[in-house]
Every structure is written in structure tokens, then in C-alpha cells.
Amino acid sequence: MTTRLFGTDCPRREDPRLLTGQALFVDDVHLEGMLHVAFLRSDYAHARLVNVDVSGALEVDGVVAAYTAADLGEYWQPGPLLVSPPPTIEKLTFRHATQVPLARDKVCHVGEPIAAVVAHSRYQAEDALARIRVDVEPLGAVVDIEAALQPDAPLIHEQFDSNQASHVIQEKGDYDAACARAALTVQRRFRFDRGASAPMENRGVVASWDAKCGELTVWDTTQAPIPIRNGLAHMLGIPESQVRVIAPFIGGGFGPKIMMFYPEEVLLPWISMQLGWPVKWIEDRHESFFATTQERLQIHDAELSLDAEGRILGVKDSFLYDAGAYNPYGLTLPINAQCTLLGPYDVPAYYSEFRAVFTTKPIVTPVRGAGRNPGVFVMERLLDLAARELGMDRTEIRRRNFLPPDAFPHDHEIIYQDFAPLVYDSGNYLPSLEKAAKMIGYDRFLAEDQPRLRAEGRHVGIGIVAYVEGTGIGPYEGARVSIEPSGRVNVATGVGTQGQGHFTSFAQIVAEQLGVELPDVEVITGDTGKFHWGTGTFASRGAVVAGNACHAAAVKVREKVIELAARSLDSSEQEIELAEGSARVKGSPDRALTLGDLATRANPLRGAVTPGTEPGLEATAYFGPERGSTANGVHAMILEVDPETAMVDVQRYVVVHDCGVVINPTIVRGQIVGGVAHGIGGCFYEQLVFDSGGQLLNASFMDYLLPTATDVPNVETDHVETPSPYNPLGIKGAGEAGAIPTGALFAQALEDALQIPGLEVLEMPLSPNRLFELMRDARSDE
Amino acid sequence: MKPAPFLYRCPGTVDEALALLEEHGYDAKLLAGGQSLIPTMNFRLSEPAVLIDLNRVDDLAGIEGRDGGVWIGAMTRQRSAERSETVRQAAPLVAETLPWIAHPQIRNRGTVGGSLAHADPASELPAVALALEARLLVRGKSGERWVPASEFFTGLFATALGPEEILLGVEFPAVPAAAGWAFEEVSRRHGDYALVGVAVLVTSGSGGRCDSARVALLSVGDGPVVSTAAAGPLVGQEPTAGTIGEAAAAAARDVDPPSDIHASSDYRRQLVRVLTRRALTRAFNRTQGRE
Amino acid sequence: MEIESEFQFEGAREMVWELLHDPDVLAKALPGAERLELAGEDEYVGELRAGVGPVTAARFEVKVRLTDQQPPAAFTMIVDGRGTAGFVEGSARVNLDEAGPDATLMRYRAELQIGGRIAGVGQRLLDSVGRSMARQSLEDLNSHIQSLRGGETDAGALPATSSETSSSLTRPVIISAAVVIVIILLAMLL
Amino acid sequence: MPERLAISVSVNGERFERTVEPRLLLSDFLRHELELTGTHVGCEHGVCGACTVLLDGDPVRSCLVFAVQADGHQVTTVEGLAPTDAAALERVDGHDPPLHPLQEAFRDRHALQCGFCTPGILLTMIPFLEENPVPSEQEIREALSGNLCRCTGYQNIVEAVQLAAERRGQ
């Protein structure tokens with residue numbers, strides 16, 4: 001038998017190329033005659049453009065062209081609305097304004113592109129930027145999301161009567177009645193601020209128009225090449241078949257490399273068609289802080305009502321959501337916050353209302369966690385506060401409110417981001433909590449370690465929180481699996497890959513079905529020339545949706561192989577087994593044909609194809625889940641605070657997660673650990689700081705602090721497996737899980753470590769400075 | 001983020017470098033390790049017309065023991081100084097401090113003289129030079145002169161170096177007998193700019209009483225600052241938790257630190273108090289051979 | 001960003017007012033002003049080149065407008081400076097109060113918006129540079145006052161009449177420029 | 001016309017002669033003049049460490065060095081790490097290229113995800129291991145702290161460095 005591959009820790013297929021510097025990233029594309037593009041970006045957060053004069057730029061050595069909005073003619077169009085609001089939510093208003101290729105009449109955030117310069121080198125293009133004259137008439141910046149809704153706030157999109165983009169109410173049960181009979185209601189205001197995705201590779205686009213063939217090739221750091229291909233073809237008026245978008249190796253995505261139709265993504269192909277030369281734009285780190293989308297300012301006013309035993313009677317939440325200057329991504333993020341807030345708990349009554357607000361800040365779209373992080377923060381913090389009021393242990397209040405294992409599927413009676421009802425497919429939360437508590441030594445820590453450390457003058461605290469994450473949403477992905485006469489298996493899917501190990505996990509899925517070794521499977525992702533139906537890698541859906549499509553295609557090929565082998569070996573299909581790269585008759589090892597032989601036989605030139613059958617051992621299949629699968633988990637942490645310096649050291653971190661059936665445990669663990677690091681960044685290091693004029697004050701890696709190796713702990717992981725019933729492989733997504741509950745966990749552990757009366761952590765991220773202030777304020781209130 | 005064009009000059013001797021400085025005047029910038037200048041140029045916040053690269057100048061790098069102290073040539077890489085046994089023996093506070101500067105990749109390129117001449121208020125070496133009462137050797141057209149560290153740092157990114165002068169190196173004097181030293185720093189992450197740092201050198205006399213205490217602070221003002229107030233409660237006294245605490249409090253009262261997005265003035269003042277106390281405690285422990 | 005500070009000159013208020021209106025004096029105290037011209041009534045344009053530490057690239061075109069002038073006690077200026085590295089805009093109110101026979105307290109309160117690259121990468125040293133430059137400029141002015149007081153006795157006796165004020169309109173611009181430069185510089189550094 | 005200077009740089013043992021503008025960063029020289037694109041550029045202000053290369057054997061940020069400064073010097077990039085001797089090629093199975101022991105340890109411990117920061121980390125940690133053959137976890141973490149990685153949370157990188165150190169000791 002072939003060694004089982006699915007579910008095992010095989011080394012990644014893509015690693016040798018990456019380790020030796022041979023993997024192709026977008027900036028590695030070199031084409032003959034390639035020109036380089038740099039963008040002049042707005043220094044102002046909100047201003048009317050009076051005049052843009054690029055004539056000076058054209059005089060600069062090496063400059064080939066310079067463009068403003070006026071040069072774009074008909075091509076100047078606002079970008080598409082990528083996600084429309086769920087039509088299934090009744091109480092919903094929504095209006096959208098999407099980003100434009102180059103600002104024409106006004107700029108709505110710092111960094112919005114105003115002009116593009118094309119030169120023989122990036123150095124020269126940047127020289128020319130200094131020679132562009134822009135006359136603006138500043139309008140007031142809109143930064144604070146509460147002030148943005150005031151009648152006197154400057155209006156960002158003048159076609160609307162206010163800066164409110166949306167107002168949504170979702171309800172379940174009767175919260176007021178629940179509150180009326182509650183023994184305890186806790187109410188607080190919570191704030192979750194903006195952070196950046198900050199993949200190590202910035203964005204980039206190379207576009208090459210071949211006029212003779214009428215073909216456009218675009219290398220793009222996108223998580224979703226197929227939608228980009230389709231959109232570009234439409235905008236440029238060329239057939240989809242004549243546009244090839246390649247997302248080669250991508251140096252991390254974490255959300256914002258989604259099918260945004262960023263200005264640069266739209267302009268580079270157009271410029272290449274104008275000039276007839278290949279053009280390249282590589283975002284630099286400074287511009288990435290404006291030109292790439294961000295997340296997640298939300299301000300929640302929330303309350304939790306409980307009975308005397310700590311059972312949840314209802315939750316009420318009203319929040320403001322910062323959409324940034326444009327809202328092409330619709331309502332995905334606030335709806336995620338709204339839905340994820342409910343967590344693994346039985347919440348009989350829920351009233352949730354939000355307003356999405358335009359501000360003069362960079363655009364907001366999903367970043368790892370995608371709105372779920374603030375939702376979890378609000379609920380978990382409310383439970384902590386309630387437990388404290390009730391004198392109840394933090395794990396006990398959660399235990400009492402978990403949905404029991406027989407509650408699934410559980411309908412929360414509100415609508416999720418995929419427009420379908422929020423139904424949890426599966427889960428078993430108590431074992432996760434108990435496992436995590438045991439792994440971190442929760443009881444012993446509280447009973448023995450903490451008092452001892454406290455006596456030594458050390459401030460060490462523990463936290464434990466739970467969350468649920470909707471993953472693996474539709475609509476669909478596809479895959480084509482084919483066997484070559486050499487016996488090699490090719491797999492092509494449409495999703496892009498940004499480090500998730502798809503080259504390996506998809507190969508594992510296919511190799512398992514076809515009985516071949518991993519090195520015999522070649523996976524191609526992210527090239528519309530190879531596969532051109534699908535959506536993209538986001539929302540923790542790659543493995544779930546594309547993985548199941550690979551599985552479905554492999555199953556079809558397996559059937560073809562078995563059918564042909566049975567025919568060729570004079571056997572019945574039931575007797576054929578696939579192993580070691582061959583199809584053979586069970587019990588008769590001599591009666592076997594290699595997959596390569598069978599692929600050769602399936603080739604019509606050799607006469608083995610009868611009328612009505614298809615040539616080749618090849619199949620394409622698609623998978624579209626009815627609805628997403630629900631991953632969940634419990635995180636626990638021990639941290640130490642130095643109350644004198646306000647520096648924090650995370651000493652232990654435990655994750656028990658349920659992402660259904662696991663394809664490759666090492667890869668999943670890598671996703672979780674990486675997510676935790678991103679989450680810790682969002683607790684104590686990473687915060688995008690805007691001043692009241694809409695200027696980002698930390699637009700570099702000197703001041704926007706990604707956690708380093710000395711800032712993150714080792715993460716101990718374990719898992720509980722409840723397979724998703726919504727896909728054949730039983731998989732759930734894992735890409736975002738690590739980052740989602742970290743803020744809630746950090747806050748709880750911090751309070752536990754400090755135990756300063758009145759010190760409540762109701763905001764994320766913190767910093768040493770902010771923690772110093774919180775401690776000082778709490779002490780002065782004593 | 002690509003630098004603007006410049007003329008590149010690469011002198012082989014100090015005299016050639018001085019001649020180039022004279023020729024190009026204010027348009028020229030000296031390039032030492034470049035670990036502060038080149039990022040500024042990449043952001044196009046600095047566009048010097050001429051860059052005079054000191055990396056090929058003979059005799060500007062080198063470490064040499066001198067009368068129990070140590071001479072470090074201006075173009076000595078920070079990493080070389082960090083690895084130097086001579087530095088460790090003669091100027092242990094310098095050796096203790098160097099690893100706090102950024103990361104090894106930066107220190108492999110960054111120079112001791114570059115850091116001193118750049119005089120960033122958040123950088124470590126200027127404060128250490130003050131704490132140890134180092135002196136700096138400067139050369140101009142008219143010859144060489146020694147400048148005590150206390151006169152070298154004149155303000156924000158400002159030094160006593162004239163526009164046509166070059167820093168040749170720094171001499172740290174021998175550490176006195178019965179001395180203790182310590183460097184403490186708080187930064188957001190390992191290797192980041194200090195939110196506050198403190199370098200101390202203390203000496204003990206008979207009966208364990210403190211003879212002298214020099215407390216130099218960084219990232220609390222325009223440049224490195226010696227807190228004379230901190231010495232008051234200590235000199236002539238036994239270094240107890242009480243006197244050290246008073247000294248730390250005096251240091252905190254003595255400064256008026258700036259605010260930025262990472263640290264408010266109040267938080268910096270708190271860090272001055274805590275780090276001064278910790279550094280003094282360690283330093284006095286060293287005088288008594290407890291560390 | 002808001003900046004509020006004060007500085008005591010060792011000289012009578014009229015003298016300080018006059019001195020603050022002397023472009024030659026101020027130009028010395030304020031390195032960086034390359035050009036400053038009257039562009040219309042109460043409106044001036046100029047070019048500033050700022051440089052501190054490693055930063056040498058910041059060149060700004062500056063417009064300054066004066067309003068609410070109450071010689072010799074107060075004026076407001078509205079500043080709009082734009083350059084390739086960013087912009088500075090805002091307003092500042094400058095008050096001169098008598099603080100004794102030979103002392104004048106200058107209080108200034110500026111609300112400024114700094115934007116662009118200088119705002120995004122320079123913030124670590126904003127506060128330090130601002131404080132340092134303001135102090136340095138004002139101390140230079142003060143020492144000039146001292147030298148004037150030592151040299152001429154009638155310098156401080158000039159009455160501040162309205163006719164004088166109109167003729168010296170170019171001069172407050174320079175102090176405006178002083179604040180502008182201070183603000184620009186404070187944003188400049190890494 | 002801007003000034004251009006002739007330089008001669010030895011990269012991975014091979015001598016390259018080019019004429020460049022003085023402002024050309026070493027990172028761009030390697031990537032775009034020599035098409036050695038394994039050196040990645042992540043921030044161009046010396047923080048992320050992705051562009052780390054060896055200059056005369058010491059790791060430096062290639063975005064903070066001008067190419068003209070490398071004239072007459074030796075540079076090692078990620079492309080120059082893997083052994084090229086016959087014995088190494090023999091050890092290799094299938095179609096994968098030969099790997100340096102630290103590269104092997106990275107593969108074996110899943111120490112990379114998107115792989116963008118990996119070349120800089122390899123070039124930082126190889127000299128580190130030369131200097132510290134038996135490092136503690138804390139020493140590894142400190143040595144790593146000048147290289148940012150957004151994917152892995154560093155844990156597997158630390159384990160891979162430990163594994164390489166163990167294998168070396170055997």
C-alpha cells in the first residue's frame with residue numbers, strides 16, 4: 001500500500017525553490033524593455049484637486065510618460081463593489097463609493113494616487129514625482145468615527161447626505177425582555193483600533209501587452225487572480241481568454257491582496273497598452289501604509305444580561321465601524337463582527353446594530369480575522385466582567401454557556417457574511433476548554449503559582465478565552481487533475497497561494513486518491529492560463545473550498561483510471577486498487593499498469609478511446625459548499641507584567657483548536673502559530689496612529705512595530721476534531737484562527753496579572769505607554 | 001523609496017576627505033556606516049549633493065588599548081568593538097552597551113564614530129561616552145583637537161564638529177578602581193530606538209561609600225544628558241535602596257523628556273526613575289563584586 | 001498638532017516688537033529662509049530650506065497671511081507651506097505682554113497640521129526638534145536684544161505707531177516664518 | 001547625465017563588472033542588474049532584514065549599502081548557499097536542488113510559509129551558527145530579532161536553527 005498522505009506531516013513541495021531563491025515573486029519578473037511606474041500620492045487626507053501639472057515630470061531624465069485622471073478618458077471608472085450587502089437582512093441600508101484609478105476631483109485619504117509616472121527606472125520615476133505640481137484646496141479631515149456622523153462633519157462623498165455608509169440591525173429574540181429579568185447586566189464601551197496586514201512582500205504589478213497577439217499578461221500579487229482577470233478584460237474591452245493573470249509566489253497576503261482592483265492593478269495594464277512596453281510597479285513599504293487596505297477600527301457599546309447563575313439571557317451591542325474612504329468590500333467586516341460576537345455560546349436574545357462610517361483614512365477590507373477579532377473581544381470581555389461581578393471563575397461562566405455538542409446544527413437566527421443564516425455546522429466546545437485549561441495548568445496556576453509569584457512581587461496572570469469562526473464560505477472553487485504519460489499528476493486550481501502550503505496540501509489530497517507519491521504531483525495555483533474558474537484565497541477558505549474541489553477532481557480521475565485499468569487488465573472495477581503509481585488487480589501484483597501507461601492508453605492517438613468517451617485521464621470538478629464550516633477553539637496564555645516599566649512578557653500560549661479534519665498537521669499548526677503572532681502584534685505592538693488631520697504618524701517599519709522573534713512565545717497546540725458535515729473532506733478553515741481571540745485573551749491575562757482595582761482593559765491594541773496610563777489612572781482612582 | 005542622485009567621492013586618506021569637505025561645503029555629507037543616513041536618503045528626506053564615503057579611508061578604523069583605557073577609531077564597526085577583548089577589558093560599559101544598538105546586521109555596518117557624530121538623542125554611544133567622560137579626537141584643516149564628550153554633544157543632532165572637520169575616534173579612559181557600571185534601556189522591541197536608556201559609572205571609596213556617580217540618560221532630550229542631580233543623594237553616602245531611590249527620583253525630576261507616539265513625557269520620566277534605580281543598583285553591586 | 005509655549009525676552013515690549021520685525025535680525029536667527037517676499041496685502045510668499053541632522057532635502061514654498069494685528073501686542077498668522085516631502089498648514093497666535101520694565105513675555109499658540117512623508121516617518125523626533133528649534137531661535141533673538149541694548153539706547157524707545165506698523169508689515173512675516181520653520185523642522189527627522 | 005561608476009563585485013564567488021549610478025542600492029544591484037532575485041526587499045529602511053546578504057562574510061542589510069561600496073568586495077546571497085560539489089549533488093533525491101544544512105533544517109521544520117523573508121533569515125543565521133555552534137533558544141531569538149517574518153510566528157524558525165545546530169554537532 002502507498003503510505004497514507006492525507007493527514008500527515010509531509011515536507012512542503014514548494015520549499016526547495018523558496019529556500020534557494022529560485023521562487024518567482026512579482027518583483028522578480030524581468031522583461032525586455034520593461035519600464036517602471038511610480039505614483040504621486042496625496043499628502044492631504046481630504047482636499048479638492050484644483051490642478052495637477054505633470055509637465056515638469058516629463059522633463060526629468062529617463063521619464064517616458066506621466067498620467068493624471070484627465071488622461072484616462074473613458075477608462076476612468078470607480079472600482080467595482082466587490083461584495084454587495086446581504087439581501088437577506090431586512091433592516092439594512094447601504095450605499096457605496098469605491099476607489100478610483102487616479103483621483104480626479106478630490107482626494108479622500110492620504111496616499112490616494114493622483115498621478116503616475118513611467119520611466120526607465122524606478123529611481124528616475126521617483127525623481128520625477130518631485131516635479132509634479134499639485135494645487136489643492138484642503139477640506140476637513142474626517143478621522144473620529146463618532147464625529148464623522150455629526151451634521152457638521154465634512155462630507156466625504158458629496159453624492160450622499162452624510163458620512164454614514166450603512167446601518168444594519170440584526171435581532172434574535174427579545175433582548176429588552178431578557179434584560180428586564182436579568183440578575184446582572186454589564187455594560188461597557190470597547191474600542192478596537194486599526195492595524196496593517198503588513199505582509200513581508202509589498203504589493204506589485206507587472207503588465208505586458210502584446211499587441212501582435214492581442215494578449216495581456218499581468219503578474220499580480222493578488223490572492224484572487226481569476227476575478228482580476230475577468231475584471232481587467234471587461235474594463236479593457238478584450239476577451240477574457242486574451243488576458244492572463246498570474247499570481248506567482250506571493251510573499252504573504254493576510255487579506256488585502258484580495259481582488260481589490262487597486263488603482264495600480266487597474267492602471268498598469270492600461271499603461272502597458274498605451275505604451276506598448278511592459279511596465280512594473282512595486283509598492284514600497286512607505287506607500288504600503290496608504291495604498292494597501294487596512295482594518296479594524298470599531299467602537300462597541302455593548303451589554304450582557306445574565307441570570308444569577310451566570311447564564312446568558314441576552315446581548316445587546318451597538319457599534320460604529322470605520323470603513324475608510326471607500327467601501328468596496330461592502331459589509332463583510334461589520335457582519336463578521338456582529339456574528340462572531342456570539343461565539344460558542346447559547347445566546348437566547350441578541351440585538352445588534354451597527355453603522356458603517358466613511359472616514360478620510362485608507363480603505364478598510366479584511367485583514368486576518370476580518371472583523372471577528374473585535375466581536376470576540378467584546379463578548380469575552382463582557383463575560384470576564386460578569387464573572388468578576390458574580391464571583392465566578394472565568395472558565396465556569398464559559399462552561400455554563402457553551403452550546404452543548406448535541407445542539408448542532410445550531411441556527412443563530414441572524415444572517416452571516418455569505419448571506420446565509422448563521423448556522424454552526426458542528427462543534428464540541430467543552431473538551432477544548434478542558435484540554436486548554438489542563439495544558440496551561442489553569443487550576444494549579446491560580447491555586448499555587450500565582451500566589452507564590454505574587455509573594456515574590458511578580459505580576460503574572462493567566463487568561464483563557466473561546467471563539468468560533470465561520471470559515472470556508474462559497475461560492476465555489478474548481479480544480480483540474482490530469483495524469484501525464486510520464487505518470488506525473490498535474491493539479492491546477494484557480495486560487496492564489498501566499499504561503500499556506502497549497503502546493504503540498506492539495507498534492508496530498510490528490511496523491512491520496514490516485515495512489516501516487518507526493519513528488520509525482522505538481523500543483524499549479526494562481527495562473528488563469530492554467531485554470532480560469534474560481535474566486536480566490538481569503539476568508540480561511542482555500543483548503544476548504546479548493547481542497548474539496550481538488551478532491552472531487554481527483555475522485556473523477558480515479559474513476560477514469562479504474563475504469564480504464566479494469567478494461568485493460570480484464571478485471572472488474574471493484575478489483576482494481578491504486579497504489580505506488582500503478583493500478584493493479586488486488587491480490588495479483590503482476591496484473592498492473594502504471595498510471596503513465598494508462599495515461600498513454602487514454603490518449604486518442606493510440607486508439608484506446610472509444611466513441612463517447614473522453615480522451616485522457618483528466619477531470620475538472622468544482623466544489624461549492626452549501627454554507628461555511630464553523631471552526632472553533634480555546635486559547636490560553638500566561639504573561640508577566642513589569643508594573644514599573646509597563647513592559648509585558650508573554651510566557652506561555654496554548655491553543656486547542658477544532659478545524660475539522662486536518663490535511664497536514666504541520667501546516668495547520670504553522671497557520672495557527674503565525675496567526676497568534678499576528679494577534680500578539682495587535683495586542684501590544686501594532687497600531688496605526690492617525691492624527692486629527694488624517695495623517696498616519698507611523699508609516700514605516702521604524703514606528704509600526706511588527707512583533708519580532710523576541711516578542712512572541714512558543715505556542716503549544718492541540719486539537720479537537722469535529723468534522724464539518726458541509727464538505728466531503730470534513731475540513732474547516734484555519735488561516736485566521738490564531739489571530740482572532742488574542743486581544744480578548746491578552747486583556748484578560750493582563751488584568752489578572754495586575755489585579756489593580758478599577759483597571760479594565762477595554763481597548764486594543766495597547767502599548768507600554770497606554771498600559772502605563774491605564775495603571776496610573778486606575779491607581780489615582782483608588 | 002530610492003535615493004536621489006548624488007556625486008560619490010571615495011577618499012583614501014583623511015586629508016583627501018578634508019579637502020573634499022572643503023571643496024563641497026554644505027552640499028557634502030560624510031558617509032560612515034550609513035545605517036542612519038541611507039534610510040533617510042531612501043525616504044528622500046535627505047538629498048545630499050555629494051556623498052564622501054569614509055569607508056575606504058586608511059587608518060580610521062582600529063581599536064587600541066591606551067593607558068588602561070581604549071581608543072576606538074571612528075570607522076570601527078560597532079560589531080568589531082563589541083567583539084573586541086580590548087574594549088571588554090578597558091571599557092566594559094561600552095561592551096555592555098553595544099549589543100543594545102539595533103541588530104547585528106546594522107552593527108556590522110554601523111560605526112562607532114558615525115553613531116557619535118550623528119548624535120541622535122536616542123542613541124546609546126553618546127550617553128556612554130558622557131558617562132565615561134570619553135574624549136573625542138577631531139581633525140580639521142588646521143590640525144587635530146581633543147574634545148571632551150561633555151562638550152562634544154551640543155544639541156539635537158548637533159556636535160562640536162565644524163563643517164569641515166572629521167571625527168577620528170574616541171578615547172575611553174581607564175575605568176577607575178572600585179568602579180561599577182551598568183547600562184539599562186527600555187525599547188518597544190529588542191533593537192528598537194530606546195524609549196529611555198541610562199548609562200552609569202559609580203566608584204566606591206572607603207567603607208563602601210559612594211565616591212562618584214555619573215548618570216547619563218538618553219532619549220530624554222536633545223542629546224545625551226548627564227543628570228547631576230542624581231549624583232547628589234549618593235556621593236559620600238552608602239549606596240542603599242534609600243539613597244539609590246532618591247538618586248533615581250532626582251534624575252526623574254531633572255529631565256523634561258519629549259513625547260512621541262511610543263512614549264509620553266510622563267512615561268519617559270517614570271522610565272528614567274526605574275532604569276536609573278536599576279542601573280545604579282547593578283553598578284554598586286559590581287563595585288562590591290556581587291556581579 | 002498644537003504647540004503652546006512662551007519665552008521671556010529681556011527687553012521692553014516695543015523694542016521686542018520692533019526687533020521681531022527686523023528681517024535682518026530674524027534671518028540670522030532663522031537659518032533656512034531662502035526667500036521671503038510681499039505678495040499682496042498682508043500676504044507673503046517665500047521659500048524655506050530646512051535641515052537638521054540627517055535631513056537636508058526639505059524645501060518648502062510658504063505662504064503666510066497676517067490677520068488680527070494689534071501692535072505691539074499681538075498678531076495671528078496663517079501658514080501654508082508645501083514641499084515635496086510634505087506640507088505644513090495652520091495658524092499661530094503670537095502675544096507680547098509686558099513682564100516688567102525690561103522684560104517681555106512672548107506667548108505663542110499654534111495649531112498646525114503637518115502632512116505627507118514628514119508626518120509619517122518623522123514623528124519620533126517631532127517634539128524634540130520643535131522644542132529645540134524654538135528655543136534656539138528665541139535664544140538667538142534674545143542675545144541680539146542684549147547686544148542691541150548694550151549698543152544703542154534709543155532702540156527701545158521707538159513708539160509703535162500705526163504708520164510704523166504698516167511699513168513693517170514684512171517683518172512679522174519673519175517671525176511667522178520662524179514658527180513655520182520650527183514646525184517644519186520638527187517634523188523632519190528620522 | 002548622472003555620474004556612473006565602474007565597479008567589480010564578487011558575488012557567490014563569481015566576479016561581476018558593471019557600470020552603475022552611485023545611488024544604486026546593493027539590493028537593487030543584485031536583484032535587477034545581476035538578476036539574483038533571491039535577495040528580497042521588504043522595507044528599504046533597514047528594519048525588516050529580508051534583504052540581508054553577506055558582505056565579506058558578515059550579514060548586512062543590502063538596502064543600506066550602495067552598490068559602489070561593494071566594489072572590490074565579496075557578497076554572498078541566498079543563491080550562493082547551497083553546496084555545489086559533486087558529493088552534495090549526489091545526496092539529493094529526485095529533482096529538488098541541493099540544500100545547505102540550514103536550508104534543509106528549514107524544510108524539515110516547516111520554518112517558512114510564504115518564504116519571502118527566508119533568504120534574509122538564512123543569511124543572518126548561518127554566520128550566527130558559525131559563531132555560536134550551540135546556541136540557546138534565547139540566543140537564537142535575539143539573533144533572529146532583526147528579521148521580520150509575518151507568517152510563521154518564528155517558532156519553527158527557532159526549531160530549525162536548533163535542528164541545524166544539533167545536526168552539526170553530531
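In what follows, chains carry the letters A, B, and so on, assigned in the order in which the sequence lines appear, proteins first and then strands, with residues in each chain numbered from 1.
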For chain D, the option from [options] that forms the most heavy-atom pairs under 4.5 Å:
options	answer
A:E201, A:Q498, A:Q22, A:H30	A:H30
A:E686, A:H286, A:E14	A:E686
A:G670, A:A677, A:S121	A:G670
A:N202, A:D711, A:I667	A:I667

message: Tell me which of these, D:H100, D:Q138, D:R141, D:Q103, has more heavy-atom pairs under 4.5 Å with chain A than the rest.
response: D:R141
- request: Using a cut-off of under 4.5 Å on heavy-atom pairs, state which of D:L24, D:L148, D:L102, D:I140 scores highest against chain A.
  value: D:L148
query: Could you give the distance from CE (A:M200) to SG (D:C149), rounded to the nearest 0.5 Å?
result: 8.0 Å
Looking at side-chain heavy atoms only, is the closest gap between [X] and [Y] below 4.5 Å?
X	Y	answer
D:T118	A:L19	yes
A:D27	D:H40	no
A:D15	D:L112	yes
D:R23	A:D127	yes

- line: Closest non-hydrogen atoms of A:Y123 and D:D28, given as atom of the first, atom of the second and distance, are OH-OD2, 2.6 Å
- request: Write down the atom of D:G115, the atom of A:F25, and the distance for their closest heavy-atom approach.
  value: C-CZ, 4.3 Å
- prompt: Any side-chain donor paired with an acceptor under 3.5 Å for D:R150 and A:H678?
  reply: yes
message: For a quick check under 3.5 Å, do A:N714 and D:E137 share a side-chain donor-acceptor pair by atom type?
response: yes
message: Taking the basic N atoms (NZ, or NE/NH1/NH2) and the acidic carboxylate oxygens, is any pair closer than 4.0 Å for D:E44 and A:R122?
response: no
